[in-house]
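Counting starts at 1 for both ligands and their atoms, in listed order.
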Amino acid sequence: IGVLALQGDFLEHKKILAKIGSDVREVRLPEHLNDLDGLIIPGGESTTIIKLIDTYGFRDAILESVNRGMNLWGTCAGMIVASKKLTDPYPEPLGLIDIKVSRNWYGRQINSFEVDIPFKNIGPKLFPAIFIRAPFISSVNESDDSIEILSRLADGTPVALTQRNENYKALVTSFHPELTNDLRVHQYFVQMSK
Ligand code: GLN
């Protein structure tokens with residue numbers, strides 16, 4: 001599993017992957033994508049991450065890698081980067097999962113919150129979800145059978161989902177499993193990338 005290490009909390013992802021015994025690599029240049037089973041785009045600042053993706057020539061390289069079967073997981077800013085469309089005119093996301101996203105939906109840094117929510121396919125125990133200036137999935141076609149909603153807030157807002165594409169699977173979470181001691185979402189991604 002690779003963790004895109006351009007900006008944001010890639011170290012936290014790396015630590016959890018190491019804890020669960022997964023072979024993990026920091027991805028700093030497009031050639032580091034070679035042979036990966038999965039790539040995590042971490043939380044951070046999405047405009048910066050997208051700028052660096054373009055500066056370092058990652059846009060086509062990531063597309064080529066998912067087309068040969070590399071799976072993808074975006075957390076928070078990473079979900080913004082992976083999405084098909086933003087409600088903002090700029091920056092241009094990668095379009096790897098069929099959702100539309102609004103950034104900074106839940107307010108400012110001090111409006112960050114943590115809530116225990118159900119998360120499908122990882123067992124019945126609630127997952128401690130940490131939201132930090134989190135994005136909001138403003139549009140997703142829930143009747144598309146390639147899409148599976150994994151987690152929702154109490155008001156029904158989807159906050160984690162997967163999409164099965166022809167060559168790869170994408171996972172997005174608008175919160176930060178890498179900031180918890182709960183390893184289950186990382187285990188889930190590793191498992192789905194085998
Ligand atoms: N608000 C950030 C953005 O727009 C995302 C924050 C995060 O990753 N915690 O990129």
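For ligand 1, the atoms closer than 4.0 angstrom to any heavy atom of Arg103 are 4 (O). Under a 4.0 Å criterion applied to the non-hydrogen atoms of Gly43, ligand 1 contributes the atoms 8 (O). Using a 4.0 Å cut-off to heavy atoms of His176, the atoms of ligand 1 that qualify are 7 (C), 8 (O), 9 (N). Per-residue contacts place Ile80 under 4.0 angstrom from the following atoms of ligand 1 (heavy atoms of the residue considered): 3 (C), 4 (O), 10 (O). Which parts of ligand 1 touch Asn104 is read off a 4.0 Å heavy-atom cut-off, strictly below it: atoms 1 (N), 2 (C), 4 (O). If you number the atoms of ligand 1 from 1 as listed, the ones under 4.0 Å from a heavy atom of Ser46 come out as 3 (C), 4 (O), 10 (O). Near Gly44, the atoms of ligand 1 lying under 4.0 angstrom from a non-hydrogen atom of the residue are 2 (C), 5 (C), 6 (C), 7 (C), 8 (O), 10 (O).
Remark: the Ser146 side chain and the Gln163 side chain contain an N/O donor-acceptor pair separated by less than 3.5 Å.
Under the 4.0 Å criterion applied to side-chain N and carboxylate O atoms, Glu26 and Lys15 are not assigned as salt-bridge partners.
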Report the C-alpha distance between Thr173 and Cys76 in whole Å, list the side-chain angles of each, state the deciding distance to 0.1 Å, and finish with yes or no for side chain to side chain contact (heavy atoms under 4.5 Å, CB included). CA-CA 6 Å; Thr173 53; Cys76 198; over 6 Å; no
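Of the residues listed (Asp116, Asn181, Val115, Leu179), the one engaging Pro128 in a side-chain contact (heavy atoms from CB on, under 4.5 Å) is Asp116, and it is the only one.
Using cut-offs of 30° and 60° for the angle between ring planes, the Tyr188 and Phe119 rings count as perpendicular. Relative orientation of the Phe189 and Trp73 rings is tilted, given thresholds of 30° and 60° on the angle between their planes.
When only interatomic distances are considered, the shortest N/O to N/O separation between Ala77 and ligand 1 falls below 3.5 Å.
At least one donor-acceptor pair under 3.5 Å links the side chain of Asn71 to the backbone N or O of Lys169.
For atom 7 (C) of ligand 1, the closest heavy atom belonging to the protein is Cys76 SG, 2.8 Å.
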